[in-house]
Protein chains: 4
Amino acid sequence: MKGPKTKIAPRPRGRPRSEQAQQEILETAYKLLRDKGFNAVGSHEIAKAAGVSSATLYRWWKSKEEILFDACFEHMKPILAIPETGSGLTRLRRYILRASEFLASEEGTVMARVLTGIHEDQRLRRMFLERYVNQRRQILRAIIEDSIALGELKPTTDPELLIDMLSGPLFFRWLQGHAPLDKGFAKRLFDNVIHAFQTQ
Amino acid sequence: MKGPKTKIAPRPRGRPRSEQAQQEILETAYKLLRDKGFNAVGSHEIAKAAGVSSATLYRWWKSKEEILFDACFEHMKPILAIPETGSGLTRLRRYILRASEFLASEEGTVMARVLTGIHEDQRLRRMFLERYVNQRRQILRAIIEDSIALGELKPTTDPELLIDMLSGPLFFRWLQGHAPLDKGFAKRLFDNVIHAFQTQ
Amino acid sequence: MKGPKTKIAPRPRGRPRSEQAQQEILETAYKLLRDKGFNAVGSHEIAKAAGVSSATLYRWWKSKEEILFDACFEHMKPILAIPETGSGLTRLRRYILRASEFLASEEGTVMARVLTGIHEDQRLRRMFLERYVNQRRQILRAIIEDSIALGELKPTTDPELLIDMLSGPLFFRWLQGHAPLDKGFAKRLFDNVIHAFQTQ
Amino acid sequence: MKGPKTKIAPRPRGRPRSEQAQQEILETAYKLLRDKGFNAVGSHEIAKAAGVSSATLYRWWKSKEEILFDACFEHMKPILAIPETGSGLTRLRRYILRASEFLASEEGTVMARVLTGIHEDQRLRRMFLERYVNQRRQILRAIIEDSIALGELKPTTDPELLIDMLSGPLFFRWLQGHAPLDKGFAKRLFDNVIHAFQTQ
DNA sequence: AGATAAGCGAGACGGTACGTCTTGTCTTCTT
DNA sequence: AAGAAGACAAGACGTACCGTCTCGCTTATCT
């Protein structure tokens, strides 16, 4: 039944935004970001490579930084969306190992570029925190709380501290590159950290 | 053999580089960096504020990035030069607390700006590592090895891992600012990390 | 059939070049050139005075020299466009007198500045020749040939030589300023030169 | 009398000014001027090529323009110093032919560069007039007056006008290069000009 | 169907920073 | 004292990039 105009979305007048172009832009921006770095990519360069005008870019994003930021997270979306629901130290361990792997990958490098590139833009920095850091913290927090409930971790365990103790060293190596960020490191890190919070 | 001939620098010809101007430039650059941020400072602005010509700037530094980099470390030199020689867990603890304090200070903020600002310049990044990160690691390593020798820490302790476990979480909070980097955090971090490596 | 397809200029895409700004630039440049001289005018100065960005300047002109060159001829266009069609010695005389008057005027001074300012730029020098020197020669040649046909000048008269003999001394005084370039001089010059080519 | 030491020239203290260096500088400057053009030569370049410091250059010359100016005339001195004393139209003719030859030579080109290069410097322009233009005028004037006295030229001949009529067309072609400045032209020019002033 | 509204590519534009260059002066040590 | 070496201030030059604007065309909805 078509009904008397069941106005759900009151579709705006005028030519609709080309959704396909948006994807094209972000994909192109990601590639440029990956190949040339954050500062080396130019807004006009993105526009040209995506077959789009500069004006279109700035109609949807406020700045070059924002475009690259979005490009990064649009690309990471399928990678970052980990359904890692569950509980227990085994899962916590697996999660950390995966995170370490991600950071060491090409995608991780691109993300580091974005993180450093937007550092002076308060707004984007907060968004980065929310869309990446806090999201992962939340997942970790859930797993940790489950582990506490299961009696695997001491009841006095402070999830926030534990998270920082697990993530921090990974992050440290990731950004500074003073030492390799490999599986072995992640494993030893996990074991040593957990030792302090484990029951017995 | 002509004698020990303790390498006397054969003073270069011509008008000597104005050491005073150099200091003035770096000091000015530091202030601008502190007040405006990494990207917002311009090379000509530095020159003007320091009462120096642009050419002089680029005679001694290759780029704006390099100037700000040097400005940062020139300013930090007296702060970073910690004679923390000694041994024992007490010293290790004190060192970490001080580091945490430094990172949370205004100087720490400026350093974060430089760290993120130069991230895409391989050369400067390596220099940052050498002049800051590795230097601190060396101090920590010495203290840790002393502690092992004293029997305070297990003989199996891997200094590198321990350093990353202590520094990482600090660094994590410092750069991301998702949670406060205060004394309490540093203390709890230290206690929990050390727990895993302590004898008994 | 749509017609003989009278070449319609297929308006180029994109934002059209601001013709008004171009005029503004050239007019401003002319004024600066007149007031300060060729070397004393700066490209940024022109830009600023014309309310235009440096980039716009260099989008349309290759160098400062070219801008000033164009500015000069754009300004002279209405002055230089003399319809002096006709024939006979009277007209030739009038033409020379007018030329002398022009060279001695403020416009003439500006032109001298341009002529000397671009002397080392082969391309501009050739353009100067074509847009000024050769154009005037052509007019003179036509008048001279008419005069020959009318029997006022000997049939053996070499127009090129005659032109140089009339223009040269004017040019000589104009550029060097060793002696005044006034009407009396122009008249006497004309009379003496013509004497050699006149019939009888 | 104070002793043997018959102090005639009280030789000034300190290192004596190197007269030889002056020549070296001007010679070098001339070569650079010839090879690269007026604007393309830099003051430091001259200094370096002459094995002299910039300061030395500016101790004796006020500006780059002045150096090149001097360099030009120092080089031309032997060429320009023509003993053409004498009288009669034959000598006048020979003189004009020689002048034409000089202007068409490499030296002439260099001189054109200087003439145009210093056009905006009032002082140098006047010096150019005095050292070159007026000097030649004087010679020409003397020859012309002799010719009048000899009855070869009309007594009513205005030497100034005659000089401009002979020099102007040469100068015209020299600087603009719209037509060749060869011997044939000089001859025809001379014959036609003289025709108007010759007796009978 | 025509009017209206917005999206869009092309590319010019103002603003501003960059890093290089050149001129003429100044400072230090050497001859 | 004169000079070479070369650092310096001043400031112009031409390039690059950012984000905005203008133009004409296209794609949609609304009347």
Side-chain angles (χ1 to χ4, degrees), chain A residues 10-18 21 39-45 47-48 50-65, chain B residues 10-19 21-22 39-45 47-48 50-64, chain C residues 11-19 21-22 39-45 47-48 50-64, chain D residues 11-18 21 39-45 47-48 50-65:
Chain A
R11 186 136 182 2
R13 300 194 32 172
R15 176 172 175 175
R17 164 173 180 174
S18 162
N39 295 318
V41 195
S43 62
H44 290 200
E45 191 182 6
K48 202 165 195 180
V52 145
S53 90
S54 281
T56 301
L57 241 53
Y58 287 98
R59 189 172 302 124
W60 306 114
W61 293 277
K62 281 181 193 152
S63 63
K64 186 188 86 165
E65 280 76 27
Chain B
R11 202 185 183 309
R13 317 231 344 207
R15 176 172 176 175
R17 167 174 180 171
S18 164
E19 291 301 338
Q22 307 301 110
N39 296 317
V41 196
S43 63
H44 290 200
E45 190 182 8
K48 205 165 195 178
V52 146
S53 90
S54 281
T56 299
L57 242 54
Y58 287 99
R59 199 194 318 278
W60 304 113
W61 293 277
K62 283 184 191 142
S63 62
K64 189 189 80 165
Chain C
R11 199 190 180 297
R13 319 236 337 209
R15 177 171 174 174
R17 168 174 180 171
S18 164
E19 290 301 336
Q22 307 301 111
N39 296 317
V41 195
S43 62
H44 289 199
E45 190 182 7
K48 204 165 197 178
V52 146
S53 90
S54 281
T56 299
L57 243 54
Y58 287 98
R59 199 194 317 278
W60 304 114
W61 293 277
K62 283 185 191 139
S63 62
K64 189 188 80 165
Chain D
R11 200 187 182 301
R13 297 193 33 174
R15 176 168 173 179
R17 153 178 179 171
S18 164
N39 296 316
V41 196
S43 59
H44 290 198
E45 191 182 6
K48 201 164 195 181
V52 146
S53 90
S54 283
T56 301
L57 242 53
Y58 286 99
R59 189 170 304 123
W60 287 315
W61 293 278
K62 283 180 191 152
S63 63
K64 186 189 86 165
E65 281 76 27

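Sequence lines set the chain letters: A, B, ... in the order given, protein chains first and strands last, and positions in each chain run from 1. Since we're looking at a predicted model, the values are computed, not measured.
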Could you tell me how far apart [X] ([atom1]) and [N] ([atom2]) are, to the nearest whole angstrom?
X       : N      : atom1 : atom2 : answer
B:His44 : F:dA12 : NE2   : C1'   : 11 Å
A:Glu45 : F:dT15 : CD    : P     : 19 Å
D:Leu57 : F:dA5  : CG    : P     : 13 Å
A:Lys62 : F:dT20 : NZ    : P     : 11 Å
A:Asn39 : F:dC17 : CG    : P     : 12 Å

Shortest non-hydrogen separation from C:Lys64 to C:Ser43 and the atoms involved:
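That closest heavy-atom pairing would be CD-N, 4.2 Å.
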Considering all heavy atoms of both residues, which atom of C:Ala47 and which atom of C:Ser53 are nearest to each other, and what is their separation?
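Looking at all heavy atoms of both residues, the shortest contact is CB-C, 4.1 Å.
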Check: A:Arg15 side chain, E:dC8 base, donor-acceptor under 3.5 Å
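Checked by distance alone, the answer is no.
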Distance check: side-chain N/O of [X] vs OP1/OP2 of [N], anything under 4.0 Å?
X       : N      : result
D:Tyr58 : E:dG24 : yes
D:Ser43 : E:dT23 : yes
D:Ser54 : F:dA4  : no
C:Lys64 : F:dG14 : no
D:Arg59 : F:dG3  : yes
A:Ser53 : E:dG11 : no

Main chain of A:Gly42, side chain of A:Glu45: is a donor-acceptor contact present, judged purely on distance under 3.5 Å?
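Checked: pair present.
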May I ask you to say what [X] touches in the nucleic acid, namely base, sugar-phosphate or nothing, with a heavy-atom cut-off under 4.0 Å?
X       : value
C:Ala21 : nothing
C:Ala47 : nothing
C:Trp60 : sugar-phosphate

Both D:Val52 and B:Glu19 contact DNA chain F. Taking the nearest nucleotide for each, which residue is further toward the 5' end?
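The answer here is D:Val52.
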Identify, between C:Gly42 and B:Gln22, the residue whose nearest nucleotide on DNA chain F lies closer to the 5' end.
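That would be B:Gln22.
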CD/C:Gln22 to CG/C:Leu57 distance, rounded to the nearest 0.5 angstrom?
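Interatomic distance, C:Gln22 CD to C:Leu57 CG, rounded to 0.5 Å: 9.0 Å.
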